Amino acid sequence: MAHPPDSRFPVAVLVSGSGSNLQAILDAAADPSYGAEIVTVISDRPGVRALDRAAAAGIPGAVVAWKGSTDRASFSAAVCDAAEAYGAEALILAGFMRILAPNAIARFPNRILNTHPALLPAFPGAHAIPEAIAHGVKLTGVTIHFVDEEVDHGPIIRQVAVPVEPGDTEATLQARIQAEEHRVYPEVIDAFARRRLEVAGRSVTWKEPV
Ligand code: GRF
């Protein structure tokens with residue numbers, strides 16, 4: 001590890017849109033005792049609200065445009081290059097709507113985290129919330145996981161169940177899910193940054209705080 005063990009763990013947050021999860025992480029990281037430092041926020045498109053949130057917090061933003069990319073591998077390499085240019089040692093996906101190619105996973109093995117708005121392996125993909133409503137499930141939730149070469153598949157770090165209420169719309173269910181994400185994702189990132197997560201195959205265990 002490049003940075004001294006007693007310093008904050010440098011991470012890049014990857015976004016594509018509103019950035020409400022980014023905001024929750026920024027707010028947590030405003031506490032100097034938080035384990036991770038956000039060194040940059042990278043978007044796959046310009047003009048998103050998440051970049052405004054980064055700027056307001058004084059965090060440098062970068063755009064690695066997907067549009068115009070010749071292929072997923074070169075796009076993924078460019079994202080990793082941008083993150084490493086700021087000293088990031090992990091990638092935190094927060095509403096990032098692109099699939100990273102295997103070259104990114106190889107550069108950040110068990111160092112890429114994602115939050116998904118369902119209880120994986122149920123409802124992977126980009127439409128988890130409407131699919132959960134359409135299926136009529138009574139419980140859905142949040143899954144925070146490491147990213148591997150398959151979509152929404154890597155080792156699960158933490159899950160929180162969220163009830164689906166009668167009459168829920170996509171918007172009302174998303175609001176309930178995101179409230180949980182905003183609470184739990186910053187906690188997981190802090191534990192990861194403090195090296196409290198141990199990964200063995202698909203199993204992730206939490207070590208006690210030291
Ligand atoms: C989150 O709900 C996350 O689960 C999904 O995308 C959403 C992003 O929202 N992957 P935001 O940009 O953090 O507001």
Side-chain angles (χ1 to χ4, degrees), residues 11-30 36 38 40-57 59 61-66 72 76 79 83 90-100 104-105 108 112-135 137 139-148 150-165 168-190 192:
V11 303
V13 180
L14 275 52
V15 297
S16 297
S18 146
S20 69
N21 280 283
L22 166 68
Q23 190 65 56
I25 303 162
L26 286 169
D27 292 348
I38 304 172
T40 184
V41 172
I42 300 172
S43 174
D44 68 320
R45 62 199 77 180
V48 296
R49 180 148 177 239
L51 289 172
D52 297 336
R53 295 180 191 268
I59 307 292
V63 174
V64 178
W66 166 255
R72 192 174 303 284
S76 300
V79 169
L91 308 180
I92 306 298
L93 276 49
F96 186 65
M97 296 307 287
R98 298 290 160 199
I99 297 164
L100 292 169
I105 318 301
F108 291 92
I112 308 177
L113 278 67
N114 184 43
T115 179
H116 181 77
L119 293 175
L120 292 172
F123 308 118
H127 307 289
I129 295 174
E131 286 175 5
I133 293 173
H135 202 91
V137 296
L139 272 183
T140 183
V142 173
T143 300
I144 297 167
H145 65 97
F146 287 107
V147 172
D148 68 6
E150 295 176 49
V151 175
D152 296 332
H153 173 269
I156 290 170
I157 303 168
R158 188 159 171 192
Q159 291 185 301
V160 180
V162 173
V164 182
E165 305 287 2
D168 255 340
T169 63
E170 186 174 341
T172 58
L173 182 55
Q174 181 182 42
R176 203 175 306 118
I177 287 174
Q178 288 201 328
E180 291 300 312
E181 286 185 310
H182 299 164
R183 182 176 66 82
V184 168
Y185 205 15
E187 289 179 8
V188 169
I189 294 162
D190 181 64
F192 167 77

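None of these values were measured; they are calculated from a predicted model. When a ligand or atom number is given, it counts from 1 through the structure's own listing order.
- The option with the heavy atom closest to atom 9 (O) of ligand 1, from among R49, R53, Q178, Q23, is Q178.
- Of the possible polar contacts, none joining the S76 side chain to the L100 backbone as a donor-acceptor pair under 3.5 Å is found.
- Protein heavy atom closest to atom 14 (O) of ligand 1, with residue, atom name and distance, is S20 OG, 2.5 Å.
- Near P117, the atoms of ligand 1 lying under 4.0 angstrom from a non-hydrogen atom of the residue are 4 (O).
- Rounded to the nearest 0.5 angstrom, R176 CZ and T140 OG1 are separated by 10.5 Å.
- A distance-only check finds no donor-acceptor pair linking the side chain of R53 to the backbone of L22 [under 3.5 Å].
- For Q174, no heavy-atom contact with ligand 1 is shorter than 4.0 Å.
- Nearest to atom 12 (O) of ligand 1 among the protein's heavy atoms is G19 N, 2.8 Å.
- Of the possible polar contacts, none joining the H135 side chain to the E131 backbone as a donor-acceptor pair under 3.5 Å is found.
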message: Before you tell me yes or no, could you show the steps for I42 and V13 under side-chain contact (heavy atoms from CB on, under 4.5 Å), namely the whole-Å CA-CA distance, both residues' side-chain angles and the distance that decides it to 0.1 Å?
response: CA-CA 6 Å; I42 300 172; V13 180; over 6 Å; no
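- Distance from atom 10 (N) of ligand 1 to its nearest protein heavy atom, with residue and atom name: T115 O, 3.3 Å.
- We find the CG-NE2 distance between L113 and H145 to be 8.5 Å, quoted to the nearest 0.5 Å.
- Closest protein heavy atom to atom 6 (O) of ligand 1: G95 CA, 3.5 Å.
- Those atoms of ligand 1 that come under 4.0 Å of a heavy atom in E181, given as number and element, are 1 (C), 2 (O), 3 (C), 4 (O).
- With hydrogens and angles disregarded, no donor-acceptor distance shorter than 3.5 Å links the side chain of D44 to the backbone of A65.
- Remark: ligand 1 and H116 share no N or O pair separated by less than 3.5 Å (distance only, no angle test).
- Residue N21 has at least one N or O atom closer than 3.5 Å to an N or O atom of ligand 1.
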